[in-house]
Amino acid sequence: QVQLVESGGGLVQPGGSLRLSCTASTSIFSIRTMGWFRQAPGKEREVVAQITSVSTTNYAESVKGRFTISRDNAKNMLYLQMNSLKPEDTAVYYCNAALRTTMTTSNVLYSWGQGTQVTVSS
C-alpha cells in the first residue's frame with residue numbers, strides 16, 4: 001500500500017508564504033502526473049496544481065502566479081510553494097498521482113493521505 005504523507009501546513013497571515021511537502025513511500029520517477037488538491041469546509045476537493053514527469057505544470061486559475069509546484073523524483077518528493085496567500089486558500093491540502101496527463105479526483109492512483117491544514121487568517 002503506497003502511502004502519501006503531506007506536511008508543511010500551518011497558520012499564516014494573508015500575504016504570507018508556506019511550502020508544502022509530500023513524501024511518497026514508492027518511487028515517483030515513472031509516474032506521469034503528480035499533483036496537489038485542496039478541500040475547504042463544505043466544498044468539494046479540487047485540483048490546485050499538477051506536474052508531469054517532464055515537468056509540464058498546470059495550475060487552477062485561482063492560484064496561478066502565486067503557487068509553484070515541483071517534484072524531486074530522486075527523493076520521491078512533491079512540493080508546493082505558496083506565496084501571496086489569501087483567506088480563500090484555507091483548506092486541507094492533499095497530494096496524489098495519476099497515470100494520465102490531466103489529474104482529477106476520479107483518476108488518482110493512491111488512497112488519500114491525512115492532508116495538511118493550511119489556514120490563512122489575520
Side-chain angles (χ1 to χ4, degrees):
Q1 180 91 10
V2 173
Q3 290 188 325
L4 301 170
V5 180
E6 301 90 351
S7 62
L11 173 62
V12 64
Q13 292 186 341
S17 298
L18 284 173
R19 188 192 192 209
L20 305 184
S21 298
C22 168
T23 304
S25 63
T26 188
S27 172
I28 66 169
F29 179 80
S30 61
I31 294 178
R32 176 167 289 181
T33 305
M34 298 289 299
W36 287 96
F37 296 75
R38 69 184 179 188
Q39 187 166 20
K43 295 188 176 181
E44 293 187 352
R45 194 166 298 184
E46 61 175 354
V47 176
V48 174
Q50 48 192 300
I51 183 169
T52 70
S53 56
V54 293
S55 298
T56 300
T57 58
N58 195 283
Y59 298 92
E61 284 296 326
S62 58
V63 307
K64 276 184 180 179
R66 301 189 296 121
F67 290 11
T68 302
I69 188 171
S70 60
R71 62 192 284 175
D72 186 334
N73 292 334
K75 296 181 179 179
N76 299 327
M77 296 286 293
L78 181 71
Y79 304 100
L80 186 67
Q81 178 66 43
M82 305 187 297
N83 299 328
S84 302
L85 282 162
K86 304 176 181 180
E88 51 263 44
D89 295 318
T90 296
V92 180
Y93 285 71
Y94 304 87
C95 63
N96 218 306
L99 296 177
R100 293 177 179 263
T101 301
T102 300
M103 175 181 286
T104 69
T105 54
S106 61
N107 68 4
V108 295
L109 277 177
Y110 305 124
S111 298
W112 296 102
Q114 294 295 314
T116 186
Q117 175 71 49
V118 172
T119 302
V120 185
S121 175
S122 54

For this session: Without swapping roles, check the side chain of E6 against the backbone of Y93 for a donor-acceptor pair under 3.5 Å.
Result: no

Exercise. Is a side-chain N or O of R32 found less than 3.5 angstrom from the main chain of T52, in a donor-acceptor match?
Worked result: no

Exercise. Just wondering, do R66 and D89 contact through their side chains at under 4.5 Å, heavy atoms?
Worked result: yes

For this session: May I have all residue pairs that pass ring pair (Phe, Tyr, Trp, His ring centres under 6.0 Å) and include part of residues 56-79, sequence neighbours excluded?
Result: none

Exercise. Any side-chain heavy atom of S53 sitting closer than 4.5 Å to one from S30?
Worked result: no

Exercise. Any side-chain heavy-atom pair from Q114 and S7 closer than 4.5 angstrom?
Worked result: no

For this session: Under the ring-ring contact (aromatic ring centres under 6.0 Å, His included) rule, collect the residues that match up with Y94, sequence neighbours excluded.
Result: W112

Exercise. Below 4.5 Å, heavy atoms only, C-beta onward: do Y110 and I31 meet side chain to side chain?
Worked result: yes

For this session: Measure the shortest side-chain to side-chain distance between I28 and M34 over non-hydrogen atoms and say whether it is less than 4.5 angstrom.
Result: yes

Exercise. Does E44 CD have over 12 foreign heavy atoms under 6.0 Å away?
Worked result: no

Exercise. With sequence neighbours excluded, what pairs up with R71 under the salt bridge (Lys or Arg N to Asp or Glu O under 4.0 Å) test?
Worked result: none

Under 3.5 Å, which donor-acceptor pairs do the side chains of residues 115-122 form with other protein atoms, sequence neighbours left out?
unit_1 : atom_1 : unit_2 : atom_2 : d
T116   : OG1    : G9     : N      : 2.9
Q117   : NE2    : A91    : O      : 3.4
Q117   : NE2    : T119   : OG1    : 3.3

Problem set entry | Any donor-acceptor N/O pair, N96 side chain to V108 backbone, under 3.5 Å | no

For this session: Apply side chain to side chain contact (heavy atoms under 4.5 Å, CB included) to N107 and list each qualifying residue two or more places apart in sequence or on a separate chain.
Result: A98, R100, M103, T104

Exercise. Are a donor atom and an acceptor atom from the side chains of Q1 and S111 found within less than 3.5 Å of each other?
Worked result: yes

Problem set entry | Non-neighbouring partners of K43 that pass side chain to side chain donor-acceptor pair (under 3.5 Å), sequence neighbours left out | none

